[in-house]
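Throughout, numbering of the chain's residues begins at 1 and tracks the sequence. Order of listing sets the numbers, starting from 1, for every ligand and every atom in it.
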Amino acid sequence: MAPTAVVASDRPDFLVTAEVPKSLQSIFIRDEDERPKVAYNQFSKDIPVISLSGIEGAERGRVIDEVSKACSEWGIFQVVDHGVPKELVDSMTRLSRDFFALPAEEKLKYDMRGGKRGGFVVSSHLQGESVLDWREICTYFSYPLHQRDYSRWPVKPDGWREIVEKYSEALMGLACNMLAIVSEALGLESDAVTKACVEMDQKVVVNFYPKCPEPDMTLGLKRHTDPGTITLLLQDQVGGLQATKDDGKNWITVEPIQGAFVVNLGDHMHYLSNGKFKSADHQAVVNSNSSRLSIATFQNPAQEGIVYPLDGVVKEAEGEKCFMEEPITFTQMYTRKMSRDIELARQKKMAKVAEQEKSRDLPMM
Ligand SMILES: O=C(O)CCC(=O)C(=O)O
Ligand SMILES: [Fe+2]
């Protein structure tokens, strides 16, 4: 039976950590073509690992070259020697895990459903999906500072709030450094991308993927590209982040590296670069052996930020064309992306129903 669409308000019924069920509820079962093809722990070394050591001095040229190559080929890479203190990363990871271990009623004090800006939710804050992701999340809208609403920041576990504050500030610093490198990799001034963002927005999303009884049938987070400018992802040592550079024909599992950040370019950056830099298609798979934690820090432009290739990126003299018809705002870009996703899901569902009807009409052999 085709699963019926789940509205966000139904979701706590599917709270996945309460007690891991023996089999998967149908609402988590993905169509066959969407299911994982590669194991969560079959790690690949294909994604470049770039050291940021010496980035303000003699090593800058090397970093720019490596970032440029990684962004053209994958749109995803890892960074080490990034300067974010290890103790901060360790505290953030430990307190995040402690939060998800709290009783459901404690987490639901920060229930994010109904359009609240931040807090706890099961599966996803997007509405109208017919299959659920196998995860719980806690979201912090951390920047701009004047929009920060601490009433949506959990007070438990003790000290988490203060650590998230420090973490989001440190990651804002790292993101700006990375965007300077990406600008220079496009042959532009180092502030070209941050200027295009108008005012940098940041959202910290802590993903918790519980152990799953039938991990081959579902996904922790379905295939997507991140919409914003750049994402910095911290993952534990379990493994589960997968990326593809050939539209889903082949997937690789990103090797977890202690203390590294996975850097993902989002759609905004893809457009700013006139398509020279990719926004990586990625997903998260789950497993039956252990739960997994990842912390995604999304750096987005302001809502009115312009989405259009940056001045100087399109080399017209070399016959290059601008691949967008007209500039749009980030809000327009995001709305179009969402409607496209919904339309694709609708078409897929219709094709499936038609297929089922056709096979029902076939004469019995
Ligand atoms: O958990 C992961 O590895 C991926 C998370 C992610 O892609 C996201 O939150 O957008
Ligand atoms: Fe993502």
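At a heavy-atom distance under 4.0 Å, only side-chain atoms of Leu233, from C-beta outward, approach ligand 1. With a heavy-atom cut-off of 4.0 Å, Asp226 touches ligand 1 through its side chain alone. Neither the backbone nor the side chain of Gln283 comes within 4.0 Å of ligand 1, counting heavy atoms alone. Of all the heavy atoms of Leu221, the ones lying under 4.0 Å from any atom of ligand 1 belong exclusively to the side chain.
Short contacts between ligand 1 and Ala296, defined as distances under 4.0 Å to a heavy atom of the residue, involve ligand atoms 9 (O). Close contacts between ligand 1 and Tyr209 involve ligand atoms 1 (O), 2 (C), 4 (C), 5 (C) [criterion: under 4.0 Å to a heavy atom]. The Leu241 neighbourhood of ligand 1 comprises atoms 3 (O), 4 (C), with distances under 4.0 Å to a heavy atom of that residue. When each atom of ligand 1 is checked for a heavy atom of Phe298 under 4.0 Å away, the hits are 8 (C), 9 (O), 10 (O).
Trp134 and Phe208 have their aromatic ring centers separated by at least 6.0 angstrom. Not less than 6.0 angstrom separates the ring centroid of Phe277 from the ring centroid of His270.
A donor-acceptor contact under 3.5 angstrom links the side chains of Gln242 and Thr253, judged on distance only.
In terms of protein heavy-atom proximity, atom 10 (O) of ligand 1 is nearest to His224 NE2, 3.1 Å.
Salt bridge annotation for Asp247-Arg223: present, with a cationic side-chain nitrogen under 4.0 angstrom from a carboxylate oxygen. Comment: Lys245 does not engage Asp281 in a salt bridge, judged by the lack of any side-chain N to carboxylate O separation of less than 4.0 angstrom. We find that Asp133 and Lys222 are not joined by a salt bridge, their nearest charged nitrogen and carboxylate oxygen being 4.0 Å or further apart.
Backbone and side-chain nitrogen or oxygen atoms of Asn264 are examined, and none is located within less than 3.5 angstrom of a nitrogen or oxygen of ligand 1.
Taking the six-membered ring where the residue is Trp, Phe120 and Phe100 present tilted rings, their angle falling between 30° and 60°.
Within the structure, the closest approach of Asn207 to ligand 1 falls below 4.0 Å when heavy atoms are considered. Heavy-atom distances between Arg292 and ligand 1 reach below 4.0 Å in at least one pair. For the ligand labelled ligand 1, residue Gln235 lies outside the 4.0 Å heavy-atom shell.
His282 contributes atom NE2 as its closest N/O/S atom to the Fe ion (ligand 2). Here the N, O or S atom of Asp226 that is nearest to the Fe ion (ligand 2) is OD1.
By the 4.5 Å heavy-atom criterion applied to side chains, Ile64 and Val67 are not counted as neighbours.
Heavy atoms of other residues, nucleotides or ligands lying less than 6.0 angstrom from OH of Tyr334 number 12 at most.
When each of Thr225, Thr244, Asp226 is checked for a side-chain hydrogen bond (donor to acceptor under 3.5 Å, both in side chains) with His282, only Asp226 meets the rule.
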